[in-house]
Amino acid sequence: MQETFLRMWLLSQDAERELSGEHASLRFAIGVARNLARSEARRSGRENALPPEDLPQPAVEPEPIVDAGLRRAIVECLGKVAAKPLKALRARMDSEGMIPDRDIATTVSMTLNTFLQNIVRARKQVAACLERKGIPLQEVLS
């Protein structure tokens, strides 16, 4: 996996290579991983165990299936989170991963450490609420 990502990064530096289209990065990663596996199999003399090269590309699900009950439970649990942790968590969710935590903390008038502590508190409160509702967190996250 690490070798695949390293090769992807190195190949992406090529100015002529352009990734475009839906799930282009995933298709590129699968191709790089397949080529690395073939090279390793040839190097170790296990070429006869390789599948044919003309296998179809694996399908990528366009949208995850939404579980309305789970969504409702999460929304209810978010409503029960204490004010400051909820403020921090909502700010982080609103940023959609595009803004560094330090900047989010500034916008909600918290130090970075306080912001991160509030995120941890909010996550624990949501997890405990979901557990009380009979929703095992390990099942939700896998």
Side-chain angles (χ1 to χ4, degrees), residues 1-44 46-47 49-142:
M1 175 94 71
Q2 290 174 339
E3 184 69 21
T4 298
F5 287 132
L6 176 63
R7 298 264 178 113
M8 281 180 62
W9 181 74
L10 291 172
L11 291 170
S12 70
Q13 304 301 312
D14 182 8
E16 295 177 13
R17 181 177 304 276
E18 182 179 324
L19 294 179
S20 60
E22 191 173 1
H23 306 296
S25 296
L26 179 60
R27 289 192 317 270
F28 182 51
I30 291 169
V32 170
R34 182 180 293 134
N35 291 340
L36 282 170
R38 288 189 174 286
S39 295
E40 184 63 25
R42 286 185 189 105
R43 188 184 67 73
S44 64
R46 297 179 155 221
E47 200 168 353
L50 290 174
E53 288 195 35
D54 59 348
L55 286 177
Q57 288 288 332
V60 178
E61 290 293 323
E63 294 295 322
I65 298 171
V66 177
D67 183 343
L70 177 60
R71 180 179 176 77
R72 187 173 34 258
I74 291 171
V75 169
E76 288 172 10
C77 288
L78 282 173
K80 295 178 181 178
V81 174
K84 286 189 178 185
L86 182 61
K87 181 179 180 182
L89 185 62
R90 288 223 185 267
R92 183 186 257 180
M93 290 186 330
D94 289 345
S95 76
E96 296 178 346
M98 302 304 291
I99 302 172
D101 284 342
R102 185 174 306 282
D103 296 341
I104 300 171
T106 302
T107 63
V108 293
S109 304
M110 295 180 192
T111 65
L112 178 61
N113 190 44
T114 302
F115 174 77
L116 295 174
Q117 287 175 353
N118 279 314
I119 293 290
V120 169
R121 288 181 187 122
R123 292 176 67 185
K124 284 182 179 178
Q125 289 175 24
V126 170
C129 176
L130 290 173
E131 291 285 337
R132 284 191 302 273
K133 289 182 176 290
I135 301 171
L137 212 49
Q138 292 305 320
E139 287 182 21
V140 173
L141 297 177
S142 58

What do the steps show when you test R92 against L116 for side chain to side chain contact (heavy atoms under 4.5 Å, CB included), and what is the final call?
-> CA-CA 10 Å; R92 183 186 257 180; L116 295 174; 3.9 Å; yes

Atom pair [atom1] ([X]) and [atom2] ([Y]), whose distance is rounded to the nearest 0.5 Å:
{"X": "R72", "Y": "L70", "atom1": "CZ", "atom2": "CG", "value": "10.0 Å"}
{"X": "I135", "Y": "I74", "atom1": "CD1", "atom2": "CD1", "value": "7.0 Å"}
{"X": "C77", "Y": "K80", "atom1": "SG", "atom2": "NZ", "value": "6.0 Å"}
{"X": "Q125", "Y": "L130", "atom1": "CD", "atom2": "CG", "value": "12.0 Å"}
{"X": "M110", "Y": "K87", "atom1": "CE", "atom2": "NZ", "value": "5.5 Å"}

Passes side chain to side chain contact (heavy atoms under 4.5 Å, CB included), V120 versus K124? Steps please.
-> CA-CA 6 Å; V120 169; K124 284 182 179 178; 3.8 Å; yes

If you compare all heavy atoms of [X] against all heavy atoms of [Y], which two are closest, and at what distance to 0.1 Å?
{"X": "L86", "Y": "V81", "answer": "N-CG1, 3.6 Å"}
{"X": "I104", "Y": "A91", "answer": "CG2-CB, 3.5 Å"}
{"X": "F115", "Y": "A88", "answer": "CE1-O, 3.5 Å"}
{"X": "P136", "Y": "G134", "answer": "CD-O, 3.2 Å"}

Go through the steps for N118 and L89 under the test side chain to side chain contact (heavy atoms under 4.5 Å, CB included), then give the verdict.
-> CA-CA 8 Å; N118 279 314; L89 185 62; over 6 Å; no

Which residue, R121, R123, R90, forms the side-chain contact (heavy atoms from CB on, under 4.5 Å) with P85?
-> R121

